Amino acid sequence: MIGGRILHGGDYNPEQWLEYPEILEEDIQLMKKAQVNCVTLGIFSWAMLEPKEGVYDFQWLEEIVDRLGREGIQVILATPSGAMPHWLTEKYPEVMQVQEDGTKNLPGKRQNFCYTSPVMRQKIQSLDRALSQKFGKKENVVLWHISNELGGNFGDSTCHCEQCQRAFREWLKKRYQTLDNLNKAWWGRFWSHVYTDWDQIHSPAPQGEYTMTGLKLDWRRFATEQMSDFVAGEIQAVRTASDLPVTTNFMYFFKGLDYHRLRDELDVISWDNYPFWHKRKDEVTVAMRTAASHSLMRSMKKKPFLLMESTPSMVSWREVNPSKLPGMHMLSSMQALAHGSDSVLYFQWRKSRGSFEKFHGAVVGHKNGSNTRTFREVTQVGERLMGLTDLLDGTVNQPKVAMIFDWENWWALEDVSGPRTDMNYVDSIFLYYQPFWEAGIDVDLVGMDDSLEGYQLVLAPFNYMYKEGYAGKVRDYVRGGGVYVTTYFSGLVDETDLCFLGHHPLEDVLGVVQEEIDAPCEEFPNTFSYQGVQYPAGGLREVIHAKEGTQVLSVYEEDYVKGMPVLTKNAYGEGSAYYLAAEPELNFLRRFTEDLLEELALANPLGVKLPHGVTVSLRIREDQCQSFVFVMNFNNEPAKVEGIGSWTDAETGEICQGMLELGPFQCRIFES
Ligand code: GAL
């Protein structure tokens, strides 16, 4: 835990209120009332920290940091590269991002700078060094927050300026050494796209090259590299006079940046979570997706992460912005903890008075101070977190199930022309994740480069690309006793999007031969039966045959594929591999998951079937001697969990036996 606390607080922008001393004073009083123990300062403060080029004004910030320190409030200090001051863009227009169609952005907005620009890097790093010297050793400063939501400027997050084009070519030279290697990797003879000079290479653009998938993949890798390198430069700068840990705030499943690369630069993973609660009355889909997102962040370093931003009430950027209903703020905060967060932090502490985000939810509004439902619910969360700190310190989630989620696979898969244009990797991940969430089984989401050690079950839906070394790792995993589940449209291409020839790289392990893939239209349905129940075969249907010794668990029931395998199981070494040839529906996956869990003797900690909308997650003390079971009811009505044995409530000491009655949106935490 950072500073030995579960952090409670969030983004605080006092620079907007320097002319309102009474507001700044009220902030401190209200923070204490709301049990706030940490705020993030300086995220968008560049113009106030460096009002003129090379002229720093840190006095206002120091006064606030020190005042917070006297009140026992810790500070996460941000570097302000998220938004640029006007003097910078005016004097050095080359810091502005250029869009993929060549349009140069104008000053304003945020996260729209060029990650390559030497001027941008130099200016921000000088400021970072000065911040480090001034604040790096302050007792109540506990963490560096580098920039803000890198790449998050809505739409294409990369810069296509001439500096970036040149850097891209240099990056390609290092990767491929010769143009011949590059042309082969990108299959350049197709449509006569052979490059004969490095300068002929340009970033992908709608009015230019948009069809060469190898180029597009490498551009995304390059952009990730530039952003990671930009962050690395800032980290080096803040380390001038400080050895505090560093983080940067991630966003959900953000396609523009491979977080599995960026994580290597960071000590702590943090992310900003804004689920669309109350979009529907049934919260299951949103709750499940949010759990998967927390799990993705936790799996990055297999340690607790920080929930860096969340709204205490509503956001302001959706078409409609519902407030969290009573109880949801507590539940969603507990959900973050349940899946591995060591904080509940908000955007934002106080609503700004003007400009874009003045109606975004905040702990403190424009009126009424602490006399609002939001403030009261935030205070309840703060009080509960104080009680949980000692209990959860040193605990982690240790799932036995992992799912492969890999950015490069995502990029490659969704750039493919055919067999369908609506292939959505993240939605597929959620589809396979949901039955586990419903069963109360936590799942890690890991990349292809991650270790599979310690997992009893690994799922790899839609695993189109196989990175180098991946097939070998899976083979060893299954040989050693692991159970591996993969699907249609997997193992088709290598890292440069070139198709494997001859065999699927895991044909021996899977025990099936992929013949062809079909994407029939709606009026040509097909079905398969599993454990006596018939299920539809979806819009992607692979035609496969089983090799000798492979068990066929289900077959197509119609058309020219009738009798051909849909689901197979192959014993390999000490383990086994399942192959699913047709896109399934959730109901099939529910049944199939149930069987997998039974085969592996995996059950949720309560050991019972959970009612709709109720799930559990487990944090275990690292020495394994104590664990905490979060039981969460995402229904806005009571729910009963029956047959649960005897449990002690970790917060109240109350014994709960046989049946647990949960109130609407309630979360109970049991210890064992
Ligand atoms: C985040 C961002 C914050 C704030 C928030 C509003 O993406 O980091 O600065 O804009 O969204 O929901």
Side-chain angles (χ1 to χ4, degrees), residues 11 13 15-16 40-62 65 76-99 104-136 141 143-153 157-168 170 222-242 244 246-249 257 262 265-266:
D11 284 20
N13 302 303
E15 69 273 27
Q16 295 175 17
T40 308
L41 289 171
I43 298 187
F44 298 112
S45 306
W46 195 340
M48 294 298 289
L49 293 170
E50 189 179 359
K52 273 200 230 149
E53 186 175 3
V55 177
Y56 300 135
D57 177 5
F58 295 168
Q59 200 192 331
W60 64 270
L61 182 59
E62 188 172 30
V65 170
I76 298 174
L77 192 57
T79 66
S81 49
M84 296 179 286
H86 282 300
W87 61 255
L88 179 74
T89 49
E90 186 183 30
K91 181 160 176 201
Y92 305 102
E94 69 269 34
V95 299
M96 293 302 313
Q97 231 172 59
V98 172
Q99 296 172 24
K104 194 176 175 71
N105 284 348
L106 295 172
K109 296 205 290 190
R110 58 180 182 175
Q111 282 116 341
N112 56 356
F113 58 90
C114 168
Y115 292 92
T116 304
S117 162
V119 175
M120 174 67 184
R121 288 178 176 219
Q122 187 208 324
K123 294 292 159 199
I124 190 65
Q125 288 174 21
S126 303
L127 175 54
D128 291 347
R129 277 192 290 275
L131 284 171
S132 173
Q133 265 142 5
K134 186 78 177 171
F135 298 100
V141 177
L143 178 69
W144 289 106
H145 178 298
I146 305 293
S147 206
N148 190 67
E149 295 192 336
L150 288 139
N153 70 344
S157 52
T158 62
C159 173
H160 298 251
C161 73
E162 261 319 304
Q163 304 170 105
C164 287
Q165 304 285 353
R166 282 197 296 275
F168 181 43
E170 289 311 310
F222 163 76
T224 283
E225 210 44 54
Q226 288 308 88
M227 290 190 229
S228 303
D229 192 53
F230 181 87
V231 169
E234 284 214 65
I235 292 174
Q236 208 181 13
V238 296
R239 289 260 154 83
T240 310
S242 155
L244 290 173
V246 292
T247 191
T248 185
N249 47 345
L257 173 50
L262 181 54
E265 307 293 341
L266 309 169

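Remember, predicted model here, so these are calculated numbers, not experimental data. Start at 1 with the first residue, then count along the sequence.
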>> Q163 vs T116, test: side chain to side chain donor-acceptor pair (under 3.5 Å). Steps then yes/no.
In response: CA-CA 7 Å; Q163 304 170 105; T116 304; over 6 Å; no
> Taking it one step at a time, do D11 and T40 satisfy side chain to side chain contact (heavy atoms under 4.5 Å, CB included)?
Replying inline: CA-CA 5 Å; D11 284 20; T40 308; 3.8 Å; yes
> Where do T89 and V95 land on the side chain to side chain contact (heavy atoms under 4.5 Å, CB included) test, with the steps shown first?
Replying inline: CA-CA 6 Å; T89 49; V95 299; 4.0 Å; yes
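Here the side chains of L77 and L41 are in contact, with some heavy-atom distance below 4.5 Å. Contact of the R239 side chain with the V246 side chain is registered, since non-hydrogen atoms from C-beta on lie closer than 4.5 Å. Side-chain contact between H160 and Q165 is present, with at least one heavy-atom pair separated by less than 4.5 Å. In this structure, Q59 and D57 have side chains that are in contact, with non-hydrogen atoms separated by less than 4.5 Å. Between R121 and F230 there is a side-chain heavy-atom pair separated by less than 4.5 Å. Two residues are said to be in side-chain contact when any heavy atoms from C-beta on lie closer than 4.5 Å; F44 and N148 meet this criterion. Two residues are said to be in side-chain contact when any heavy atoms from C-beta on lie closer than 4.5 Å; L266 and V231 meet this criterion. Side-chain contact between F113 and I124 is absent, with no heavy-atom pair separated by less than 4.5 Å.
Each of L61, L49, L127 was compared with Y56 under the side chain to side chain contact (heavy atoms under 4.5 Å, CB included) criterion, and only L127 meets it.
Under the side-chain contact (heavy atoms from CB on, under 4.5 Å) criterion, E15 pairs with N13, S45, M48, W60, sequence neighbours left out.
Minimum heavy-atom separation, C164 to C114: SG-SG, 3.6 Å. Smallest separation of non-hydrogen atoms from C159 and Q97: CB-CG, 3.3 Å.
Counting heavy-atom neighbours within 6.0 Å of Q236 CD, excluding the residue itself, gives a total of 12 or less.
Atoms NZ and CD, from K134 and E62 in turn, are 4.0 Å apart once rounded to the nearest 0.5 Å. In this structure, C161 SG and M96 CE are separated by 11.0 Å, a value rounded to the nearest 0.5 Å.
Between the side chains of Y92 and Q122, not a single donor N or O lies within less than 3.5 Å of an accepting N or O.
Taking the six-membered ring where the residue is Trp, W87 and W46 present perpendicular rings, their angle passing 60° and hence far from 30°.
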